[in-house]
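Scroll down for the structure; my scribbles are underneath it.
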Amino acid sequence: MINSAKIPCSGCLSCLNICPRDAISLAVDERGFSYPVVNQGKCIQCGLCEKACPCYTALENVPVHEIKGWGGIHENNNVRGKSQSGGAFAALAEVVLKRKGTVYGAAIDKDFEVKQKRIVDLSEIALLQGSKYVQSNVERTFTECARDLLAGKEVLYSGTSCIIDGLLHYLQTRHINTVGLTTVDLICHGVPSPGLYKENLKRLENIHNSSLLSLNFRDKGYAGWHTHCETYQFHNGCIVHENYWAEVMYSHIALRECCYDCKYSEIVKRPADLTIADFWGVEKCHPNFKDDNVGCSLIITHTEKGEALLKQAPINLFETDTEKAVSCNMTRPAHKPKFYDAFWKDYHNNGFEHALKKYTIYGGTRFRVKRKILKVLKLWE
């Protein structure tokens with residue numbers, strides 16, 4: 001029987017999806033993250049949750065292929081404009097959906113919660129485009145994915161590396177053939193707390209005295225690809241541009257515990273067929289690249305299946321030096337800040353806004369000066 005208190009649980013929910021008796025539910029901890037909880041009255045000690053958990057078992061028959069790096073820009077600039085970088089995911093999704101397959105990825109629902117979602121139509125791709133800087137709730141999408149594969153459908157499933165690993169473990173445990181499945185993971189900085197994310201939305205609604213209408217975690221249309229700017233639109237017509245939630249993510253102050261020891265941060269250890277990211281540093285790798293500040297994708301192919309799908313996609317590709325390209329992105333686990341425990345203590349004692357002011361740029365000039373001093377003293381990384 002799984003014991004999430006004793007393992008570095010990533011919240012992939014493979015255990016919840018595999019349980020034949022629905023004996024596993026989710027409980028939110030004091031930092032706003034969900035963890036599996038076993039109902040002993042329903043549990044039949046079958047052990048499937050442990051078999052499906054990436055923390056307990058290793059994947060079998062992992063395909064080996066030469067890792068290749070690619071830069072990519074979607075052929076349609078309108079699609080690229082709606083994407084966070086060069087439109088690689090949208091291009092891959094188009095291929096699968098045109099072949100009557102299904103696509104899974106992170107979407108923002110009507111309550112502004114980020115959840116994994118299944119789509120079947122080209123018109124729905126926009127729901128999955130763009131980065132969502134908070135942990136996505138997998139819900140029962142592994143079960144849905146299995147149902148699609150058993151029905152003979154082609155499937156594209158995208159998510160963080162830990163989600164993809166959880167999906168593959170789930171399918172392996174159920175002995176489901178994955179020939180029709182292509183997986184895409186993301187280079188990420190770790191996943192910030194969904195609980196704090198909700199509190200940040202409440203903060204904004206209180207400040208502007210209106211409920212939220214829409215949000216864009218990184219609005220390329222406002223300031224271009226190179227500038228991180230969040231955009232929030234409210235029902236009263238107010239539109240706000242800021243980057244305080246981005247600061248929470250980039251400061252690594254409120255990530256899930258397992259992110260600080262992420263086993264997927266090295267490109268060679270990723271479980272997916274393809275890895276996608278913003279191609280930061282593209283101008284260093286390709287001096288002749290004409291950067292229009294609209295975005296360029298970095299795509300790493302790990303398997304022949306992944307490379308085959310990429311080459312069928314409506315995306316202009318150019319091969320790149322994988323090692324050099326990846327070095328401009330995340331190549332190690334997120335560093336746990338020295339003030340991590342102090343942040344959470346302040347949060348629990350004094351509330352989210354107090355902690356936000358004290359530990360991020362939301363605190364204004366005073367905080368910026370303080371952080372510079374701490375960096376000089378090597379007390380802040």
**Asked** Of Y133, Y222, F217, which meets ring pair (Phe, Tyr, Trp, His ring centres under 6.0 Å) against H228?
**Response** Y133
**Item:** Option from L212, L213, L215 for which side chain to side chain contact (heavy atoms under 4.5 Å, CB included) with Q233 holds
**Value:** L213
**Message:** With a 6.0 Å cut-off on the ring centroids, do F289 and F279 count as close?
**Reply:** no
**Message:** Show, in sequence, the C-alpha distance, side-chain angles and deciding distance for K117 and E124, and conclude whether the salt bridge (Lys or Arg N to Asp or Glu O under 4.0 Å) test is met.
**Reply:** CA-CA 10 Å; K117 182 178 178 63; E124 299 176 290; 5.2 Å; no
**Prompt:** Hey, are T231 and N216 close enough side-chain-wise for a donor-acceptor pair under 3.5 Å?
**Reply:** no
**Message:** If you take the centroid of each ring, where Trp contributes its six-membered ring, are Y359 and Y347 closer together than 6.0 Å?
**Reply:** no
**Asked** Can you find a heavy atom in the side chain of V114 that is under 4.5 Å from one in the side chain of S136?
**Response** yes
**Request:** Tell me yes or no: between the side chains of R80 and N77, is some donor less than 3.5 Å from an acceptor?
**Result:** yes
**Item:** Donor-acceptor pair, side chain of D273 and main chain of T183, under 3.5 angstrom
**Value:** yes
**Prompt:** Would you find a donor on one side and an acceptor on the other, under 3.5 Å apart, between the side chain of K132 and the backbone of L128?
**Reply:** yes
**Item:** Exam field: side chain K220 to backbone K82, donor-acceptor pair closer than 3.5 Å
**Value:** no
**Prompt:** Just by modelled atom types, is the L13 backbone N or O under 3.5 Å from a matching donor or acceptor in the N17 side chain?
**Reply:** yes
**Request:** Provide the full list of salt bridge (charged side-chain N to carboxylate O under 4.0 Å, His left out) pairs with a residue in residues 204-215, sequence neighbours left out, each pair given once.
**Result:** none
**Parallel, tilted or perpendicular, as decided by the 30° and 60° cut-offs, for the rings of Y170 and F142** = tilted
**Asked** Is it true that a side-chain atom of S210 and a backbone atom of N236 form a donor plus acceptor pair closer than 3.5 Å?
**Response** yes
**Message:** Any non-hydrogen side-chain atom of C19 less than 4.5 Å from a side-chain atom of C49?
**Reply:** no
**Message:** Looking at T303 and G306, would you say the former's side chain and the latter's main chain have a donor-acceptor pair under 3.5 Å?
**Reply:** yes
**Sole residue of T102, T182, T141 in side chain to side chain donor-acceptor pair (under 3.5 Å) with Y157** = T141
**Request:** Could you verify whether a donor N or O on one side chain and an acceptor N or O on the other, from H208 and Y232, lie under 3.5 Å apart?
**Result:** no
**Message:** Any carboxylate oxygen within less than 4.0 angstrom of a Lys/Arg side-chain nitrogen, looking at R218 and D278?
**Reply:** yes
**Asked** When clusters are formed by joining ILVMFWY residues with side-chain heavy atoms under 4.5 Å apart, either directly or through shared neighbours, do L186 and V134 land in the same one?
**Response** no
**Complete:** V155 and C145 have their tightest heavy-atom pair at CG1-SG, 3.8 Å
**Request:** Could you walk me through whether R140 and D22 pass salt bridge (Lys or Arg N to Asp or Glu O under 4.0 Å), step by step?
**Result:** CA-CA 11 Å; R140 300 281 179 174; D22 288 329; 3.4 Å; yes
**Asked** Are the side chains of R21 and C43 in touch, meaning some heavy atoms are under 4.5 Å apart?
**Response** no
**Prompt:** Would you call the rings of H252 and H189 parallel, tilted or perpendicular if under 30° counts as parallel and over 60° as perpendicular?
**Reply:** tilted
**Prompt:** Does R203 make a cation-pi contact with Y362, if we ask for NZ or CZ under 6.0 Å from the ring centre and within 45° of the axis?
**Reply:** yes
**Check: A308 main-chain N/O paired with Q312 side-chain donor or acceptor under 3.5 Å** = yes
**S14 (side chain) donor-acceptor with A52 (main chain) under 3.5 angstrom** = yes
**Request:** State whether the side chain of Y244 and the backbone N or O of N200 hold a donor-acceptor pair below 3.5 Å, judged by distance alone.
**Result:** no
**Asked** Got a sec, which pairs hit salt bridge (charged side-chain N to carboxylate O under 4.0 Å, His left out) with one end in residues 225-237, sequence neighbours left out?
**Response** none
**Message:** Quick check on side chain to side chain donor-acceptor pair (under 3.5 Å): which of K305, E307, H302 does H65 satisfy it with?
**Reply:** E307
**Request:** Determine yes or no for a side-chain-to-main-chain donor-acceptor pair under 3.5 angstrom, with N350 supplying the side chain and A355 the backbone.
**Result:** no
**Closest non-hydrogen atom pair between P333 and S265, with its separation** = CD-OG, 3.2 Å
